[in-house]
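Okay, structure first, notes after.
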Amino acid sequence: MCYHFKQTKTIKDLEKKFKATIDSSETLKPSADINGFKYPKTPIITNLDSSKIQLFNWGLVPDWANEDWKRNYTLNARVETLSEKPAFKNYTENRCIILVDGFYEWQHKGKEKIKFDIGFDNQLFAFAGLYSNNTYTIVTTEAKGIMREIHNTKLRMPFSLKTDDDFKNWLNMEEVNPQYDFTTNQLGFSQPTLF
DNA sequence: CCAGACGTTGTT
DNA sequence: GTCTGG
DNA sequence: CCAGACGTTGTT
DNA sequence: GTCTGG
């Protein structure tokens, strides 16, 4: 799963990395602590117009949902069942990528929980996502590589995209595999990295 | 048949 | 809106 | 979809 | 076996 990530880069950095422009009327708030449970607006790119960076709210709300829709439960979407779930099946072609430079997971060690900052050397990358109206969900997949050590209870990780081809393939419904050669940074302890 | 769900798996 | 548990 | 009913209508 | 309430 993925409920906490960071997007600390500037508009200029985003535009350069993703070869897209952001509408100046939008207010981008770089943050090292983006919490899904607050349904924040964060930068994404949709397959409708990949030349534009837009700000959508995290937590997908289906068209038919009423006002008490629990967005907590649509922060993530399992890639294995996207086309089966009522909340997601209509949106499997509403592809988007979520622009980030890292995310957080807590490794369980006995009773302790150790926080990790995970990414690709703090460089911008993206999560695979789906959107409905102005909301999105982050697609998750089975944990691989180092994520199996860190997210050692649920064994899930965000479906991460790193290269221009990855971005394009996800948006165009082409085959794409998640990247998982993450760099990690243990927070709150002396040693900066593990493994 | 229809009311109720529809989703994921948290650190605080 | 569609699916499903009861 | 499946567990559970599936019957009648007495007074003792 | 078939119907139906939940």
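Everything numeric in this text was worked out from a predicted model, so none of it was measured.
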From B:dT12, B:dT9, C:dT2, nucleotide with atom closest to A:Lys113 side chain: B:dT12
Base, sugar-phosphate alone, or nothing: which one does A:Tyr104 contact when heavy atoms must sit under 4.0 Å apart? nothing
Dot-bracket for DNA chain B, 5' to 3', Watson-Crick and G-U pairs with both distances under 3.5 Å, [ ] for crossing pairs, | for partner on another strand, reads ||||||......
Looking only at side-chain N and O atoms, does A:Thr137 come under 4.0 Å of OP1 or OP2 in B:dT8? no
Is the phosphate of B:dT12, meaning OP1 or OP2, less than 4.0 Å from a side-chain N or O of A:Lys115? no
Looking only at side chains, do A:Asn133 and A:Asp63 share a donor and an acceptor under 3.5 Å apart? yes
Under 4.0 Å, counting only non-hydrogen atoms across every strand here, what does A:Ala77 touch: a base, just sugar-phosphate, or nothing? sugar-phosphate
Ring centre gap for A:Tyr104 and A:Phe5 strictly below 6.0 Å: no
To the nearest angstrom, the CZ-P distance between A:Phe88 and C:dT2 comes to 18 Å
Options C:dT2, B:dT9, B:dT12, nucleotide nearest the side-chain atoms of A:Arg78: B:dT9
Closest nucleotide among B:dT9, B:dT8, B:dC6 to the A:Trp64 side chain: B:dC6
Carboxylate-amine/guanidinium proximity below 4.0 Å for A:Glu80 and A:Lys85: no
Nucleotide nearest A:Lys154 when distance is taken to its side chain, options B:dT8, B:dC6, B:dT9: B:dT9
Distance in angstrom units between A:Leu60 CG and B:dT8 P, rounded: 11 Å
